[in-house]
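Everything quoted here is computed from the prediction, not taken from an experiment. Numbers here simply count residues along the sequence, with the first being 1. For ligands, and for the atoms within them, numbers begin at 1 and follow the listed sequence.
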Amino acid sequence: MTVTWEELGWERLAPGVGRCRLPGWDCTVGLVLGAGTALVVDAGSSPAEGERLRTWAQQLAGHGVTHLALTHPHFDHVFGTAAFAGVRTYAAVGTDAVFAYEREELRRDAVRHGLPEADAAAAVAALAAPRHLVSGEWTLDLGDGRQVLLANVGPGHTAHDLAVLVPGSVSGTREIVFCGDLVEESGEPQAGPDAVPSRWPDALDRLLALGGEDALYVPGHGAVVDAVFVRRQRDELAARFGVS
Ligand SMILES: [Zn+2]
């Protein structure tokens, strides 16, 4: 028997769609279930956390995880990828180069944010380049009439921002957009040295065009928000970075 979302501490957003707010950095991980398929959105902040996520996803799905989408190459979203060996992994084009050539920066950033040295070293050693690199948009058919759109909407928070759109249904389920850290609710959007501030407002315009007015927008950190919130954050970022 499969467990319920609530029993595992996940938030159910629609039938077969939910997310979990992880401890530590309040990072969101998503799960979208199809017919014998399961798409996990982001992998957690360490190999051990990735293992935990994969187990939870399997319990919720009643079968194995088949797909993984990484919203952007920051440690709290990707250091669990080692636990997803054999899973079809998607990320924005260029993520492969970050994983290949910027491992030391990723490791240092994780340690600076409080990840134990050993976990950071293990995660970096096990980082595998995502097989499927998305430029533009990519439709994933998860079966059972469930199609999910992966959209390379950046640059913004990083040069490699991928959003995941789960379309609404005729029965009235709302669109759901997993935004990665292009949107944050629990704090100010974090702009590190790898951010592309001048392009960030445009990325949020693309995100809004993708989800529309009625979508549920799931930020990388914090509570689920609506289009009004995303538009306000877009305007605040534009003012903060001096772009229109
Ligand atoms: Zn980030």
If you consider just the N/O/S atoms, which atom of [X] is the closest one to the Zn ion (ligand 1)?
X	value
His157	NE2
Asp181	OD2
His74	ND1

Mutual orientation of the aromatic rings belonging to His77 and His72 [parallel < 30°, tilted 30-60°, perpendicular > 60°]: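 Aromatic pair His77/His72 classed tilted.
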
Is it true that Glu104 and Arg108 have a side-chain N and a carboxylate O under 4.0 angstrom from each other?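 Yes, Glu104 and Arg108 are salt-bridged.
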
Going by the salt bridge (Lys or Arg N to Asp or Glu O under 4.0 Å) test, which pairs reach into residues 22-34, not counting sequence neighbours?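 Sorted pair list: Arg21-Asp26.
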
Answer yes or no: is there a donor N or O on one side and an acceptor on the other, between the side chain of Asn152 and the main chain of Ala92, under 3.5 Å?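 No; zero donor-acceptor contacts below 3.5 Å.
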
